[in-house]
Amino acid sequence: MNDKQLMRYARHILLENYGVKQQKKIMNSNILVVGLGGLGSSAVIYLASSGIGNMTLIDDDVVDISNLQRQILHNSKRVGQLKVDSARKTILDLNPEVNVTTFHCRVNEELLNNILDPIDIVLDCSDNFETRYLLNRMCFKFKKILVSGAAIRFSGQVSVYDLRDQNNPCYNCLFPSESVDLLENENCSTTGVFAPLVGIVGSIQASEAMKILAGIGSDDDSLIGKLLRLNILDMTFKTSKFDKDNNCLVCRSNFF
């Protein structure tokens with residue numbers, strides 16, 4: 001690390017259990033973020049400011065004025081621009097050392113097959129079940145870590161799925177696809193969402209990813225195999241553990 005980097009990341013390096021070695025791990029990491037809305041906005045900003053070395057972004061949308069209430073990656077001057085382009089500008093203005101790769105498209109299996117191999121962690125910041133289940137299947141296939149977040153109205157949730165270990169549960173273990181009607185997906189455009197909520201959920205996703213990448217804390221200190229549920233209206237946070245479903249349609253041994 002050069003002097004400028006030591007100054008930029010000094011407040012991390014000063015932390016107990018988080019020194020130069022851990023910061024170098026962050027700087028050499030490779031993260032994929034799917035979705036550059038409310039969750040992706042706060043997650044991406046904190047990942048970039050913390051020095052994530054390589055960031056791949058996927059989103060098929062453009063910036064709309066209705067996004068600006070909560071999607072802090074974007075601003076009024078960028079209404080009508082591609083969200084991936086707006087996000088790239090924000091990241092590089094904040095930290096020009098981040099290597100940013102963007103894909104303006106809806107995430108799909110072919111794309112993931114081509115880009116997932118070097119990725120360390122995937123952040124699911126999407127807003128629909130179809131994408132969530134696709135990311136879960138592909139992370140299981142490539143043995144990746146998936147950090148999943150969701151937010152609606154005043155409630156949110158975060159969980160981490162470490163699919164490098166076949167004994168760990170996947171997203172489908174917790175939310176079996178056969179019990180979900182993909183056509184009845186709720187989203188912010190139809191139900192509304194409290195702006196600070198998505199910032200909190202996205203920040204937690206970034207925090208969980210960075211703890212794993214830097215190697216700080218233990219699995220017991222993370223949300224691996226746990227579901228964190230939060231309600232901002234009454235300020236309640238509840239964490240519950242869940243186990244692998246041996247009959248899961250995705251992570252049972254013979255799926256792929």
Side-chain angles (χ1 to χ4, degrees), residues 8-9 11-12 26 29 31-104 106-107 121-128 131-132 135 147-158 186-211 213 223 228 230-233 235 237:
R8 179 183 285 271
Y9 306 119
R11 298 305 186 274
H12 268 164
I26 293 293
S29 63
I31 280 187
L32 167 63
V33 180
V34 180
L36 300 174
L39 303 182
S41 285
S42 60
V44 163
I45 285 175
Y46 279 112
L47 291 170
S49 66
S50 298
I52 292 295
N54 303 280
M55 200 177 302
T56 302
L57 311 175
I58 303 176
D59 196 292
D60 67 344
D61 204 359
V62 299
V63 179
D64 184 83
I65 193 170
S66 65
N67 301 148
L68 303 181
Q69 163 251 12
R70 65 201 176 281
Q71 298 181 17
I72 57 176
L73 264 176
H74 318 297
N75 60 48
S76 298
K77 294 181 180 179
R78 298 181 190 162
V79 170
Q81 293 185 17
L82 303 183
K83 284 188 178 179
V84 290
D85 291 345
S86 174
R88 179 199 289 274
K89 291 175 184 176
T90 300
I91 291 169
L92 296 181
D93 283 345
L94 181 62
N95 189 349
E97 294 186 343
V98 180
N99 180 36
V100 183
T101 302
T102 63
F103 294 93
H104 172 60
R106 189 173 182 85
V107 67
I121 291 184
V122 176
L123 267 67
D124 179 4
C125 300
S126 66
D127 63 356
N128 65 87
T131 298
R132 291 170 187 152
L135 291 175
V147 182
S148 178
I152 199 76
R153 302 184 183 91
F154 294 95
S155 300
Q157 62 185 40
V158 185
E186 290 187 321
N187 56 57
C188 299
S189 63
T190 57
T191 61
V193 64
F194 190 53
L197 170 67
V198 296
I200 294 169
V201 173
S203 297
I204 294 173
Q205 288 182 266
S207 176
E208 288 297 294
M210 288 179 57
K211 282 163 34 182
L213 290 169
L223 290 175
L228 170 65
L230 55 150
N231 186 301
I232 297 304
L233 198 57
M235 286 307 293
F237 290 70

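Because the structure is a prediction, the values reported are computed rather than measured.
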To check you understand the geometry: which heavy-atom pair defines the closest contact between [X] and [Y], and what is its length?
X	Y	value
Leu197	Ala151	CD2-CB, 3.8 Å
Asn231	Leu233	OD1-N, 2.8 Å
Ala43	Ala206	O-CB, 3.8 Å
Lys83	Gly37	NZ-CA, 4.4 Å
Ala48	Asn95	O-ND2, 2.9 Å
Asp60	His104	O-CE1, 3.1 Å

From [X] [atom1] over to [Y] [atom2], what is the distance, rounded to the nearest 0.5 angstrom?
X	Y	atom1	atom2	value
Leu82	His74	CG	NE2	10.5 Å
Leu57	Asp59	CG	CG	9.0 Å
Leu39	Ile200	CG	CD1	11.5 Å
Thr101	Asn54	OG1	CG	7.0 Å
Leu47	Ser207	CG	OG	10.0 Å
Arg132	Cys125	CZ	SG	10.5 Å

* To do: Could you tell me whether the side chains of Asp64 and Ser66 share a donor-acceptor contact shorter than 3.5 Å?
  =>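 Checked: Asp64/Ser66 side chains pair up, N/O donor to acceptor below 3.5 Å.
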Does the [X] side chain pair with the main chain of [Y], one donor and one acceptor, at a distance under 3.5 Å?
X	Y	result
Ser126	Val34	no
Gln205	Asp124	yes
Gln69	Val193	yes
Gln81	Ser86	no

* Asked: Would Gln71 and Leu68 count as a side-chain contact (heavy atoms from CB on, under 4.5 Å) if you check the C-alpha gap in whole Å, the side-chain angles of each, and the deciding distance to 0.1 Å?
  -> CA-CA 5 Å; Gln71 298 181 17; Leu68 303 181; 5.9 Å; no
* **Steps toward side-chain contact (heavy atoms from CB on, under 4.5 Å) verdict (Arg70, Ser41)** => CA-CA 8 Å; Arg70 65 201 176 281; Ser41 285; over 6 Å; no
* Mind running side-chain contact (heavy atoms from CB on, under 4.5 Å) on Leu36 and Val84 for me, showing each step along the way? => CA-CA 7 Å; Leu36 300 174; Val84 290; 3.8 Å; yes
* To do: Applying side chain to side chain contact (heavy atoms under 4.5 Å, CB included), name anything that partners Ser49, two or more places apart in sequence or on another chain.
  => Tyr46, Leu94
* Taking side chain as C-beta onward, heavy atoms only, is His12 less than 4.5 Å from Met210? ->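 His12 reaches Met210 side chain to side chain.
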* Begin with the C-alpha distance, continue with both residues' side-chain angles, and end with the deciding distance and a verdict on side-chain contact (heavy atoms from CB on, under 4.5 Å) for Ile52 and Ile26. => CA-CA 5 Å; Ile52 292 295; Ile26 293 293; 3.8 Å; yes
